[in-house]
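Chain letters run A, B, ... following the sequence lines, proteins first, then strands; residues in each count from 1.
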2 protein chains.
Amino acid sequence: MEKYIKELKAHKLKITPQRLDILSFLDKNRIHPSADEIYKAIKINSPALSKTTIYNNIDVMVKNNIIKSFRFMDSNELRFDYKTTEHYHFICRKCKSIYDVDISLPYLEKFEHYMHKVEEFYGDYKGVCENCLNKKKLKNK
Amino acid sequence: MEKYIKELKAHKLKITPQRLDILSFLDKNRIHPSADEIYKAIKINSPALSKTTIYNNIDVMVKNNIIKSFRFMDSNELRFDYKTTEHYHFICRKCKSIYDVDISLPYLEKFEHYMHKVEEFYGDYKGVCENCLNKKKLKNK
DNA sequence: TCGTAAATTGTAACTATTACAAAATAGATA
DNA sequence: TATCTATTTTGTAATAGTTACAATTTACGA
């Protein structure tokens, strides 16, 4: 908990139970949750929680680079990650698993050729994951 | 126009003026428009057009791979492209220009290492584009 | 402990999209 | 070519995700 307080203080943000709940939830549940999922999870133990609080805080924490927001290419809801290194997501269309794919540096280098200065990037990939591919192979035997 | 008719027929879709309008607009305006932008543009010459028609047809054409849909990482609206090769987008945070970045093959190869079968991919990049970087250099001189 | 700026809450509004039913139409068939 | 029917179009209403706003509460520096 101390770690989240430090993080908030470093950005001159007030320490509120709601903010600590959100940070703790995101840190302990690396499941790329939506705002609604965060809301529902925290509301269980803090029934007075308002959804606006979730949105407000998510917003301020994203702006302060404490957490990251992104969306999957075929979804209309934002999703959130506790501060992580840059990565892509691979989504299996069969089992819906989400794999984090660390892919940062080589891609950024590639972009230098375009002479644009890349500051942020985001990507996601869809297909069939290793597990599902193997299941299919077994069936075919 | 003949080309759009062929395209629709190839997928056993009925030829309607609305569909031809959408295809023609997307083909001639490579501006990654949103559903609303497509709607407004076509409605000028076809005032009876309904927004539902846009959504219905966009949907059916995406499913038939006639057009592509995607969204920018920080936007909540879908955007559409006339059939193109796979590419990423680079968005300049200063001038808001969108650059198409052809980046397909090397990345897919890279993914083979993960043993997942990649079928679709999507990515976008944000930063400062070449033009805006050059402008800044001139100013500093 | 107090005062104030900031945070929280609940409600209402807004935007993008989807659901649905009635009317219109494309295009196959006679 | 006229007719028939499944498909498409339209308009309206509903929904999901998010944002705006005003009243109340709270964090925290003085």
Is there a path of hydrophobic side-chain contacts, each under 4.5 Å between heavy atoms of I, L, V, M, F, W or Y residues, that connects L78(B) with I31(B)?
yes
Between R71(B) and R19(A), who's closer to the 5' end of DNA chain C by nearest nucleotide?
R19(A)
N/O donor-acceptor pair under 3.5 Å between D27(B) side chain and L23(B) backbone
no
Take I15(B) and N56(B), find for each the nucleotide of DNA chain C with the closest heavy atom, and name the residue whose nucleotide sits nearer the 5' end.
N56(B)
Is it true that I98(B) and I67(B) fall in one hydrophobic cluster, defined by side-chain heavy atoms closer than 4.5 Å?
no
Do H89(A) and F72(A) have their ring centres less than 6.0 Å from each other?
yes
For residues Y99(A) and C129(A), report the shortest heavy-atom separation together with the two atoms involved.
OH-SG, 3.1 Å
Any Lys/Arg nitrogen of K9(A) or E7(A) sitting under 4.0 Å from an Asp/Glu carboxylate oxygen of the other?
no
Using a heavy-atom cut-off of 4.0 Å across all strands, would you classify T16(B) as base, sugar-phosphate, or nothing?
sugar-phosphate
Looking at K14(B), is its backbone amide N or carbonyl O close enough to the side chain of R19(B) to form a donor-acceptor pair, meaning the two atoms are under 3.5 Å apart?
yes
Hydrophobic clustering (ILVMFWY, side-chain heavy atoms < 4.5 Å, transitive) - are V62(B) and F25(B) grouped together?
yes
For the hydrophobic clusters of this structure (ILVMFWY residues joined by side-chain heavy atoms under 4.5 Å, transitively), does one cluster hold both Y55(A) and F80(A)?
no
Looking for any heavy atom pair under 4.0 Å, which part of the strands does T53(A) touch: base, sugar-phosphate only, or nothing?
base
Starting at the 5' end of DNA chain D, which residue's closest nucleotide do you reach first, K12(B) or P47(B)?
K12(B)
To check you understand the geometry: which heavy-atom pair defines the closest contact between A35(A) and I54(A), and what is its length?
O-CG2, 3.8 Å
Net bend of the helix from dT1(C)-dA30(D) to dA30(C)-dT1(D), end axes of five pairs each, nearest 10 degrees
30°
Students should find this one: the first and last nucleotides of DNA chain C, 5' to 3', lying under 4.0 Å from a heavy atom of chain A. What are they?
dA5(C) to dT11(C)
Give me the first and last nucleotide of DNA chain D, going 5' to 3', that has any atom under 4.0 Å from a heavy atom of chain A.
dG17(D) to dC28(D)
same_hphob_cluster(M1(B), L26(B)) at 4.5 Å side-chain heavy-atom cutoff
yes
